[in-house]
Novice: 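Handing you a structure now.
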Amino acid sequence: MATAAVAAAARGAGARAVTALRDGCRPAARGRSRAGPARRLCTAPGTAPDMKRYLWERYREAKRSTEELVPSIMSNLLNPDAIFSNNEMSLSDIEIYGFDYDYTLVFYSKHLHTLIFNAARDLLINEHRYPVEIRKYEYDPNFAIRGLHYDVQRAVLMKIDAFHYIQLGTVYRGLSVVPDEEVIEMYEGSHVPLEQMSDFYGKSSGNTMKQFMDIFSLPEMTLLSCVNEHFLKNNIDYEPVHLYKDVKDSIRDVHTKGIMYRAIEADIEKYICYAEQTRAVLAKLADHGKKMFLITNSPSSFVDKGMRYIVGKDWRDLFDVVIVQAEKPNFFNDKRRPFRKVNEKGVLLWDKIYKLQKGQIYKQGNLYEFLKLTGWRGSKVLYFGDHIYSDLADLTLKHGWRTGAIIPELRSELKIMNTEQYIQTVTWLQTLTGLLEQMQVHRDAESQLVLQEWKKERKEMREMTKGFFNAQFGSLFRTDQNPTYFLRRLSRFADIYMASLSCLLNYDVSHTFYPRRTPLQHELPAWSDRPPAAQLPLLQEAQAK
C-alpha cells in the first residue's frame, strides 16, 4: 500500500537528519551499537550542552528533509485501477473464472444501504416492539467501515488490528466514542484474547465478538449503534445480547423476506450502478475461450433482472454454469444438498441432475457435487467475491482454487493516499517517529520535555491521518501502525485483490501478478543506520505494494 512507500521514504528523511548530526556534531563516545546511535552533542569542548536547542535543530532539519522529499513521492502515485497481489499468480494458468453476484458482478448505489437500514429499523418497531422513537435515526453512510468488531455483551463497536489489539479512539458505544481509560479498564488493557475473537473463518464463538466483513453489514452496524444510542440517552435498561440478535434478525429478514429484492427490481436504475464495465470483462474472457460460472446467494429472478440490466438479455450465454440461492458458505462444506433446476418461470423442478448445462439456472447444491459434475478443480479456477470468509476462505484453504477479492473501498482509499496533504502528513509522521527513536537516548529533564512535545504532535497527527479516511474508524486496511484484522484475513485468503472487476481490463489474460518483496523488520536498518538516499530507488516498488 502507499503507506509503505511513505514509510520507506520517511525513513530516508529521518536518515538525512541523522547525517546532519554526524557531519556537524562530535561523538560523545566511540562507536555505536545496533541498539541505537551513540550520543552526539553539538557543543563546544568544556561547555554544558543546550539540549533543548540541539533537539529542535534536529527537528527542523528533519522537517526540511521531509519537505524536499514530498515532490519525489508525488511523482510516483498509486493507480486506483490496479490489481494488487498477495501471492504470485499467472492468468495464463487460469482456464475457469467464477464470480459472486452482489458487489462483484453488480455494484449498488448509496441508496441501497439507506433502504436496508430503514426497512430493518421498521421491522424492529413493527415486529420486535422497539420504541417508535428510533425512527428519528437515519442512515449515516460515513459512520462505519467494514471489518469492525462488535462486543455483543458490552454493546461496543471497535477496530482491532492484526495482533488483536484495539485501536484506542475507535471504540464506540452507541454513537459516542468510549474514553481510552474506560476501554483499558474494560479489557484490562487493549488486547482482546483469542477465545473472544471470531474463529479462523470469522465465525463467532457464542455471544462474544462479531466481525462485520460483508458490505451489506454497514447498515447493520449503524442500526446497532443508533438503537444503542437511543437506549443510553433515554436511560432505558436493556440486554445487549437481545439487541444484537434482534437487529441481526431484522437485517436478515430484509433479505429473506424479499424486501430488498423487490425494491431493487421495482427501481433498478436507482439502486444498481451501471458503470462498472461488467459486460466488457465477461466478453473479454469469453473471447479468449475462458469458461465462466456464477455462484450467488441471491434468488433467480433478482439475478436475472440485474444481469439483464448491466450485461444484456443474453447474459446467460456468457456463463457455463449459473447457481443461485447457494447458501454460501454452507455451499462449500455441506455435501448433502443436491442441485435443483429452476425453469423459466422460477419453478423448482424435481429432476435428478446428471450434468450442469449451459443456459440453465440451478439452485442450492454443494461444491463437492459441483466439482464432480464439472471437473473444475485446483489452481486452474479463479473465483472472485467480496466477502473474505463466505466467498474465499474455503476455496483457497480446502479446494486449492485461486481467489480474487473485490474491495470497492480500495479505490477511494488510494485516491486519498495520492493527495499531497496525505503524503505530507504521513511522511512527516514517519520522520517524527524516527526522530523519537533516535533521540530517546537523551534522558535529561530538558530533553524529555522536548520528546514529550514530539509525542503529543505524533498522537495528533495519527488522529489526523485516521480522519482522512473515516472520522470514527480510519482506514479499512491500517490501524495507527499495524495492519487491521481485516487486512490480515484478506492477505491470507485472497491471491489478488482490486477495487472492481473492471480492473481486469487493464491486464492481458496471460499477465502474471508478482507480489512485491517487502522487507521484513529484521531486514531493515535502524532509523539511524539507513543511508540518506536509499529510499528513492525503492520508492516505486514500495508504492506498488
Novice: Where is the tightest heavy-atom contact between S298 and V324, given as atom of each residue plus distance?
Specialist: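 Looking at all heavy atoms of both residues, the closest pair is O-CB, 3.4 Å.
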Novice: Does a donor on one side chain and an acceptor on the other come within less than 3.5 Å for Q167 and D161?
Specialist: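 No.
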Novice: Other residues, nucleotides and ligands only: do more than 12 of their heavy atoms fall within 6.0 Å of CD on E138?
Specialist: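 No.
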Novice: Just by distance, with hydrogens left out, do Q196 and Y187 show a side-chain donor and acceptor under 3.5 Å apart?
Specialist: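 Side-chain D/A pair, Q196 to Y187: absent.
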Novice: Testing the basics here: between I406 and S500, what is the closest heavy-atom pair and its distance to 0.1 Å?
Specialist: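 So the two residues come closest at CG2-CA, 4.0 Å.
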Novice: Would K257 and E127 pass as an ion pair if we require N to O under 4.0 Å?
Specialist: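 So K257 pairs with E127 through a salt bridge.
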Novice: Give a yes or no on whether the backbone of G147 and the side-chain of K159 come within a donor-acceptor separation of less than 3.5 Å.
Specialist: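 No.
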Novice: How many angstroms lie between CD in Q452 and CG in L436, if you round to the nearest 0.5 Å?
Specialist: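 Going from CD on Q452 over to CG on L436, the span is 9.0 Å.
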Novice: If you take all heavy atoms of Y383 and L392, which pair is closest and at what distance?
Specialist: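 Nearest pair, atom of Y383 first, then L392: O-CD2, 3.9 Å.
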Novice: Does a side chain donor of either D214 or Y389 reach within less than 3.5 Å of an acceptor in the other side chain?
Specialist: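 No, no side-chain donor-acceptor contact under 3.5 Å.
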Novice: Relative to each other, are the rings of F469 and Y422 parallel, tilted or perpendicular (30° and 60° limits)?
Specialist: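 Perpendicular, since the angle between the ring planes exceeds 60°.
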Novice: Does the plane of the ring in Y271 sit parallel, tilted or perpendicular to the ring in H111? Use 30° and 60° as the thresholds.
Specialist: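 Geometry flag for H111 against Y271: perpendicular rings.
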Novice: Specify whether W401 and H399 have parallel, tilted or perpendicular ring planes, treating 30° as the upper limit for parallel and 60° as the lower limit for perpendicular.
Specialist: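 Tilted: the ring planes of W401 and H399 meet at 30° to 60°.
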Novice: K328 pairs by salt bridge (Lys or Arg N to Asp or Glu O under 4.0 Å) with which of D391, D394, D386?
Specialist: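 Exactly one candidate clears the test, D391.
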Novice: Counting C-beta onward and ignoring hydrogens, is there a side-chain heavy-atom pair between H387 and I215 closer than 4.5 Å?
Specialist: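 Counting from C-beta outward, H387 and I215 never come under 4.5 Å.
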Novice: To check you understand the geometry: which heavy-atom pair defines the closest contact between I423 and M74, and what is its length?
Specialist: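 I423 and M74 have their closest heavy atoms at CD1-SD, 3.3 Å.
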Novice: Any idea how Y108 and F216 line up, ring-wise: parallel (<30°), tilted (30 to 60°), or perpendicular (>60°)?
Specialist: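 Rings of Y108 and F216: tilted, 30 to 60°.
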Novice: Within a radius of less than 6.0 Å around OH of Y137, do more than 12 heavy atoms belonging to other residues, nucleotides or ligands occur?
Specialist: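 Enclosed: over 12 neighbouring heavy atoms sit under 6.0 Å from OH of Y137.
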Novice: Could you check whether K466 pairs with E463 (Lys NZ or Arg NE/NH1/NH2 to Asp/Glu carboxylate O, under 4.0 Å)?
Specialist: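 A salt bridge is present here (some side-chain N lies under 4.0 Å from a carboxylate O).
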